[in-house]
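Worth saying up front: this structure is predicted, and the values here are computed from it rather than measured. Order of appearance sets the numbers: ligands from 1, and atoms from 1 within every ligand.
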Amino acid sequence: MNILILGGGGREHSLAWAVKQNPKCDRLIVAPGNAGISQIADCAALDIEDGNSVAVFCADNAVDFVIIGPEAPLASGVADILRENGLVVFGCSQAAAQLESSKSFTKAICDACAAPTAKYAHFTDAAAAKTYVTAQGAPIVIKADGLAAGKGVVVAMDLPTALAAVDDMLGGQFGAAGAEVVIEEFMDGEEASYFILCDGQTVMPIGTAQDHKRAFDGDEGPNTGGMGAYSPAPVLTDDIAAKAMKQIVEPTVAEMAKRGTPFQGILYAGLMIKDGAPRLVEYNVRFGDPECQVLMMRLGGQVLDLLHACAQNRLAEVTPNWADDHALTIVMAADGYPGSYTKGSQINGLDAMPETSSEMTFHAGTAEKDGHIIATGGRVLNITARGATLEDAHAKAYAMIKDIDWPDGFYRNDIGHRAL
Ligand code: AMP
Ligand code: GLY
């Protein structure tokens, strides 16, 4: 099978690494890829949000199967165009991608299927929004409706912050993505992520994870895309996971099918857990980054069979093979991230890093220049390890990271602290 993966971050490096281990994988191409991915796959410079040019590339390169990594191509309908061109695609339709691209859409789905989530209201008018916020009081959560690169949520602990967030968002801070705001009840509890494959009808959970959103140790500093993750998430016990499936995921999938827009791909449910009960914080329609890295490390080569079956509506025919193990990943980011940072600094020591089924350094934002690896993004490397226990995986990953020589990067020293 010739396979094309769209994307070029740590998520896609880990997907490529797992897919490549499966003997059914013949040629593997990743677009655009990065310096780490280029060591295991061909990289192609493609505009991955332009479905028609991706379809032409697939025809020219005899691609049999396309795996879409990030949300942007899903939200712009690339999966639909590729399917119209006869390709087998892992990734949801544009209509189903609204579960991530519109917060008010997701809230309406939760209403329709009675899935537990925060109480909410939505507004396009600032005065009406502020009247509502003032009546509800703080803490309260203000969200831009559309995709805002992870920056469109303000958890306001006091009223002035909440009112300012309403003004900023409806005042155009996020452009069209913020033309509508969703205002939510603040939910208390512990967050965890649940990953479920779905072929439109059949659902198959493939793992749980927790990430660390703040930049610095002790959950201090600004919010980021995620500074590390581990799997499984101990807070998502079998009982709570079963409740989340019955009360949230299965009703959502049934509602999407009923509307004629079945969800086919990976559903990433962000959950808030309190007193043994899960509530939905948000859906994403792609793997988390860096959560994918720990899931891929635990699943390995079978991922190709699972994703391919999912894309062909054959999920009921396959079973994931679970090892009772743990994985942990540490993100190395450029100094200054998530604010402004410089690009182009050199990273040494990567050649000597172990590359085994339980130790991998996935590249997120790297390129090769004059024979050296340089940093080209905010989040740059994901040092990932697997072990019989979380302690084991933690010790291995932190031992690995000591061998990376990159003075311009930083990482958190406490990944996994909640679970350890
Ligand atoms: P989202 O983009 O919707 O996942 O929101 C980003 C983060 O904001 C979540 O991971 C939570 O930590 C927090 N958050 C979002 N909605 C709520 C809520 N209703 N109550 C408490 N925290 C929230
Ligand atoms: N790590 C959080 C996300 O991928 O959305």
Y230 ring center near H326 ring center (under 6.0 Å) =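 Aromatic pair excluded; centres sit 6.0 Å or further apart.
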is_close_aromatic(F123, Y132), centroid dist under 6.0 Å =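 Yes, close enough.
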Could you list the atoms of ligand 1 found under 4.0 angstrom from a heavy atom of [X]?
{"X": "V281", "value": "15 (C), 16 (N)"}
{"X": "K213", "value": "10 (O)"}
{"X": "E185", "value": "18 (C), 19 (N), 20 (N)"}
{"X": "K143", "value": "3 (O), 15 (C), 16 (N)"}

Any Y268 heavy atom less than 4.0 Å from ligand 2 =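 Right, Y268 reaches ligand 2.
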Give me the nearest non-hydrogen protein atom to [atom] as residue plus atom name, then the distance to 0.1 Å.
{"atom": "atom 10 (O) of ligand 1", "answer": "E191 OE1, 2.7 Å"}
{"atom": "atom 5 (O) of ligand 2", "answer": "R286 NH2, 3.0 Å"}
{"atom": "atom 21 (C) of ligand 1", "answer": "M187 O, 3.2 Å"}
{"atom": "atom 23 (C) of ligand 1", "answer": "V155 CG2, 4.1 Å"}
{"atom": "atom 7 (C) of ligand 1", "answer": "V153 CG1, 4.4 Å"}
{"atom": "atom 19 (N) of ligand 1", "answer": "E184 OE1, 2.7 Å"}

Answer whether the closest heavy-atom distance between the side chains of R418 and D219 falls below 4.5 Å.
->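 Answer yes - side chains close enough.
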Do [X] and [Y] sit within salt-bridge range, that is, some charged N less than 4.0 Å from a carboxylate O?
{"X": "R314", "Y": "D199", "answer": "no"}
{"X": "E359", "Y": "K396", "answer": "no"}
{"X": "E185", "Y": "R279", "answer": "yes"}
{"X": "E100", "Y": "R286", "answer": "yes"}
{"X": "D111", "Y": "K107", "answer": "no"}

Can you tell which part of K103 has a heavy atom less than 4.0 Å from ligand 1: side chain, backbone, both or neither?
->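 Side chain only.
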Just heavy atoms, cut-off under 4.0 Å: does E282 contact ligand 1 by side chain, backbone, both, or neither?
->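 Looking at E282 and ligand 1, just side chain atoms fall under 4.0 Å.
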Between the candidates A209, G225, C292, which shows the shortest non-hydrogen contact distance to atom 2 (C) of ligand 2?
->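 Minimum heavy-atom distance to atom 2 (C) of ligand 2 goes to G225.
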Does an N or O from V141, backbone or side chain, lie closer than 3.5 Å to an N or O of ligand 1?
->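 N/O-N/O distance below 3.5 Å does not exist for this pair.
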Just jot down the ligand 2 atoms closer than 4.0 angstrom to any heavy atom of [X], in number order.
{"X": "E291", "value": "1 (N), 2 (C), 4 (O)"}
{"X": "G288", "value": "4 (O)"}
{"X": "D211", "value": "1 (N), 2 (C)"}

Any chance you could lay out the side-chain hydrogen bond (donor to acceptor under 3.5 Å, both in side chains) test for E291 and Y268, step after step, and finish with the verdict?
-> CA-CA 10 Å; E291 291 88 337; Y268 159 176; 3.2 Å; yes
Compute whether any side-chain donor of one residue and acceptor of the other, for Q264 and R83, lie under 3.5 angstrom apart.
->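 Result is yes, a qualifying pair exists.
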Check: Q293/N382 side-chain N/O donor and acceptor closer than 3.5 Å =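 Yes, because at least one side-chain N or O of Q293 sits under 3.5 Å from a partner of the opposite role on N382.
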Quick one: does K213 get an N or O within less than 3.5 Å of an N or O on ligand 2?
->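 In fact, backbone or side chain, K213 has no N or O that close.
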Hey, is CD on E190 packed in by over 12 heavy atoms from elsewhere, all under 6.0 Å?
->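 More than 12 heavy atoms, drawn from other residues, nucleotides or ligands, come within 6.0 Å of this atom.
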